[in-house]
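Remarks on the structure that follows.
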Protein chains: 2
Amino acid sequence: MFTEGLEGEFMPPIPTPVPGGGRTELLRPDGSPLRVLVVDDETALVDLLAMTLRYEGWEVRAAANGVNGLRAAKEFRPDAVVLNIRLPDLDGLEVLSAMRRELRDVPVLVLTAKDAVEDRIAGLTAGGDDYVSKPFALEEAVARLRGLLRRSGMAAVRTESMLVVGDLTLDEDSHEVTRQGRSIHLTATEFELLRYLMRNPRRVLSKAQILDRVWSYDFGGQANVVELYISYLRKKIDAGRPPMIHTRRGAGYLIKPAEPAEAA
Amino acid sequence: MFTEGLEGEFMPPIPTPVPGGGRTELLRPDGSPLRVLVVDDETALVDLLAMTLRYEGWEVRAAANGVNGLRAAKEFRPDAVVLNIRLPDLDGLEVLSAMRRELRDVPVLVLTAKDAVEDRIAGLTAGGDDYVSKPFALEEAVARLRGLLRRSGMAAVRTESMLVVGDLTLDEDSHEVTRQGRSIHLTATEFELLRYLMRNPRRVLSKAQILDRVWSYDFGGQANVVELYISYLRKKIDAGRPPMIHTRRGAGYLIKPAEPAEAA
DNA sequence: TTCCCATCTGTGAGTTGTCTGAGAAGTTGT
DNA sequence: ACAACTTCTCAGACAACTCACAGATGGGAA
C-alpha cells in the first residue's frame, strides 16, 4: 500500500482501518470462532498462551502430551496447532506427522527450545509451517499464528498483513515499515514494539503491559527497557515529523495518527 | 463506537451518552449481577474493595489466601478476579495459572506491591489481564476492572469507554479529554478526579468522598488538595466557557452540562 | 453592613517519572 | 576471529507533577 504524496499529510490514508483496536476477525465460514490446539507440557506457559489466544478471539484447546494432543486433534478438529516438539511421551516429529495426516492443510506453529538443532526444524517448516523458539514474546507467537493462517490460504479469514495508523504502515509479512512512504529500518525488538502499539492505536498501554507482550515471558530485567525502546522508535518514526508516539505520564504510551494541531 | 480518523479536531465524537450517572449495567445475560472474586490477605483493603465494588453493582466474594481463592473460583464462578500475586500460602503465579484453567476467558486484575522491585512482573499477564500497584486509588481499580471486562468482549456488558457530559468528553482508553471538540491535557490526578465527577454527573460529591475515591487509600495529607485540584480542573475545563464544575458550599462539588439557564 | 468561615488560588519546595548518552555484553554474519 | 549490529544496564539531567502553606476572596447569617 503506497500512500504517496497526495493524501500523505492532510488526509490520512486509512486503507484498512484496524477493527476493534487491532483484534482481528477469526471466524470460520459458519461464523464460529477459529480453533487452535496447544500441545505443550509446561502448564504455566500453556495457560498463558491459551488465555492470550482466547482474548485474541480463538477457541482454544490444550493438551499436555502427545497422546492427548493427537486425541484432541481428532475430536476438536482445530484450524491451527501450536506444538512443542519436545514432549514427555512421544517424539514430537512423530506427533507432527500424525497431525498432518489427521488434519490436512492445518498449519502448525512449532515451539522449540532455544538450543534445539535448527536444521531438523528447517525441514518441518517447509510445509507451510513455522516455528518460534522459547522463550518467545507473546506478541510474536500470536503474530506468527495469524501469519500462518493467512498464508495457508484459509478462506474466511480476513486478516490483513498490513497495519496502518495515519501515514505509518507496517507489513507483518515483509516486516517493512514506512512513514510518509519512506522505508524505515527497525531492529527485531523495535518492530515488535511498534507492532504492538499499532495493533492498539489510540489506546494507552502501560509499561507493564508492553513488557508482558513484547518481551519474552521470562524476561527479568529492568522495566525501563521499554522507555529506551520507545526512545529508539521515536528517533526512527517521529524524527522531525509530527509525533505519533505519545507519553501519558504515569499511565503509559500510545500511538495515533499525527494531528497537525497539537493542543496542550 | 468507531469514529476513525475523521473526527480528529473540529468535530467532537459524542458517541453514546452515558446513562444514569455513569454507573454501568453490570448484568449477565440472565439478568443476575456480575460476579467478582477478590483474593488478598490484607483484610482492611479487601473490605474496602468489596464495599466499593458492591456499591458499583457487583456481586462480591472475598478470599484471604490462595487455597480459599481457588475453592471460591470453583464454587462462585466469578466473571472477573482481583488477585494479589503475593499471597500467604501459595505462589501467586500458580494461583493465577490455576484460575485461568478453572475459569476460562475470565480476566484477572493483578495487585502488586509497589516496593516489590518490579521483579517477576514480566510475563505475568495474558491478553485480557491488567495490573494495579498498591497503594492505588479505588476509582482507578474500579475503572481498570470495568475496562478489563469491556475489552474481554464480555457480552451483556454494555460499557462504553467514553464518558460524555454536555460538550465534555473523556475517553478511558486513550485518556483523552475534550471540551467543545478541543483536546485538553490533564495530569494523572486531574484525570482521575474528572473521571470520578463525570461518572457521577449532577450529583454532589463531598470532599471526603472524593478524597476516598480519587486519592490512594493510604493518603494522609490535607483535605484541601481536593479544592486545589478542583481549581486546576476549572482552569483547564471551564476556562472562559460556561462553567460545568459547581461548588455547593458546605456540601461538595458537582459537574453537569453547561446550560444557559443556571438553576440552583 | 460586618464578621466568620468555607473556598479559592499563587507560590515554591520536594518528589517522581521519563528521556537519553555511554558503554558492556551478547549475537550474527563473513 | 573480526566487524557490525543489537540488546540491555546504569546513571545523570531534566521536566512534570503533587502537595503544603498561607493569604485572598466571597457567601451568608446576624
Side-chain angles (χ1 to χ4, degrees), chain A residues 114-115 118-119 133 135-137 139-140 175 177 184-194 204-208 210-211 214-216 218-239 243 245-254 264, chain B residues 114-115 117-119 121-123 131 133-137 139-140 175 184-194 204-208 210-211 214-216 218-239 243 245-254 262 264:
Chain A
K114 175 98 173 190
D115 52 354
E118 305 258 335
D119 44 44
S133 50
F136 50 82
E139 192 59 19
E140 198 194 348
H175 276 218
V177 173
I184 295 170
H185 169 80
L186 299 183
T187 71
T189 307
E190 290 162 358
F191 179 84
E192 213 69 64
L193 172 57
L194 182 60
V204 174
L205 303 167
S206 72
K207 279 184 267 195
I210 293 173
L211 213 50
V214 174
W215 270 260
S216 316
D218 71 341
F219 179 80
Q222 307 298 314
N224 92 322
V225 276
V226 177
E227 292 167 27
L228 186 63
Y229 273 85
I230 287 286
S231 164
Y232 290 159
L233 267 188
R234 279 179 169 146
K235 276 187 203 146
K236 294 182 176 180
I237 303 294
D238 284 345
I245 300 172
H246 304 265
T247 303
R248 287 284 173 276
R249 193 166 226 264
Y253 301 93
L254 85 164
Chain B
K114 179 89 169 192
D115 54 345
V117 197
E118 305 280 347
D119 63 342
I121 285 186
Y131 302 86
S133 54
K134 293 188 186 185
F136 49 81
E139 191 58 19
E140 198 195 345
H175 279 216
I184 295 170
H185 170 81
L186 299 183
T187 71
T189 307
E190 290 162 359
F191 179 84
E192 212 70 65
L193 171 57
L194 181 60
V204 176
L205 302 166
S206 72
K207 279 184 268 194
I210 293 174
L211 211 49
V214 175
W215 270 259
S216 314
D218 69 342
F219 180 80
Q222 307 298 314
N224 93 321
V225 276
V226 177
E227 293 167 25
L228 186 61
Y229 272 86
I230 287 286
S231 160
Y232 291 158
L233 268 188
R234 279 177 169 148
K235 273 189 207 145
K236 294 182 176 179
I237 302 294
D238 285 345
I245 300 173
H246 305 266
T247 303
R248 286 287 172 274
R249 199 155 226 272
Y253 302 93
L254 85 164
E262 284 284 315

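Because only heavy atoms are used, hydrogens play no part in the values below, and waters and symmetry mates are left out as well, while side chains stay in. Throughout, protein chains are lettered first and strands after them, A, B, ... in sequence-line order, and every chain is numbered starting at 1.
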N/O-N/O pairs, protein side and nucleotides 2-6 of chain D side, under 3.5 Å:
{"unit_1": "D/dT6", "atom_1": "OP1", "unit_2": "A/H185", "atom_2": "NE2", "d": "3.2"}

Across all chains, not counting sequence neighbours, the side-chain contact (heavy atoms from CB on, under 4.5 Å) partners of A/T187 are A/T189, A/E190, A/Y229, A/K236
Would you sort out whether A/Y232 and A/L186 count as a side chain to side chain contact (heavy atoms under 4.5 Å, CB included), showing the intermediate values? CA-CA 9 Å; A/Y232 290 159; A/L186 299 183; over 6 Å; no
Euclidean distance, atom CD1 of residue B/I230 to atom P of C/dG10 [Å, nearest integer]: 16 Å
Counting only side-chain N and O atoms of B/S231, is one of them less than 4.0 Å from OP1 or OP2 of C/dC8? no
For A/A251, all residues meeting side-chain contact (heavy atoms from CB on, under 4.5 Å), sequence neighbours excluded: A/V204, A/R248, B/H175
I need the NE2-C1' distance between B/H246 and D/dG27, as an integer number of Å. 17 Å
Taking side-chain contact (heavy atoms from CB on, under 4.5 Å) as the test, write out the residues that go with B/N224, two or more places apart. B/Q222, B/E227
With sequence neighbours excluded, residues passing side-chain contact (heavy atoms from CB on, under 4.5 Å) with A/V226: A/K207, A/I210, A/L211, A/W215, A/I230, A/Y253
So for the helix from C/dT1-D/dA30 to C/dT30-D/dA1, with five pairs setting each end axis, what is the inter-axis angle to 10°? 40°
Separation between CG (A/D218) and CZ (A/F136), nearest 0.5 Å, reads 10.5 Å
Shortest non-hydrogen contact from A/H246 to A/P243? NE2-O, 3.4 Å
Under the rule for salt bridge (Lys or Arg N to Asp or Glu O under 4.0 Å), what residues qualify as partners of A/E192, not counting sequence neighbours? A/R195
Who are the salt bridge (Lys or Arg N to Asp or Glu O under 4.0 Å) partners of A/E139, not counting sequence neighbours? A/R199, A/R213
Short heteroatom pairs, N/O only, protein and nucleotides 21-26 of chain C, under 3.5 Å:
{"unit_1": "C/dG21", "atom_1": "OP2", "unit_2": "A/K235", "atom_2": "NZ", "d": "3.2"}

Side chains of B/L205 and B/L254: closer than 4.5 Å at any heavy-atom pair? no
Is B/W215 close enough to D/dT18 that one of its side-chain N or O atoms is under 4.0 Å from OP1 or OP2 there? no
Closest heavy-atom pair, A/I237 versus A/L194, reported as atoms and distance to 0.1 Å, is CD1-CD2, 4.0 Å
Between protein and nucleotides 5-7 of chain C, what N or O pairs are separated by less than 3.5 Å?
{"unit_1": "C/dA6", "atom_1": "N3", "unit_2": "B/R249", "atom_2": "NH2", "d": "3.0"}
{"unit_1": "C/dT7", "atom_1": "OP1", "unit_2": "B/G250", "atom_2": "N", "d": "2.8"}
{"unit_1": "C/dT7", "atom_1": "OP2", "unit_2": "B/K207", "atom_2": "NZ", "d": "2.4"}

Is A/Q222 near enough to D/dC8 that one of its side-chain N or O atoms lies under 4.0 angstrom from OP1 or OP2? no
Please check this pair: side chain of B/D238 against backbone of B/I245, looking for a donor-acceptor N/O pair closer than 3.5 Å. yes
Determine the minimum heavy-atom distance between A/P135 and A/S216, stating which atoms define it. O-OG, 3.5 Å
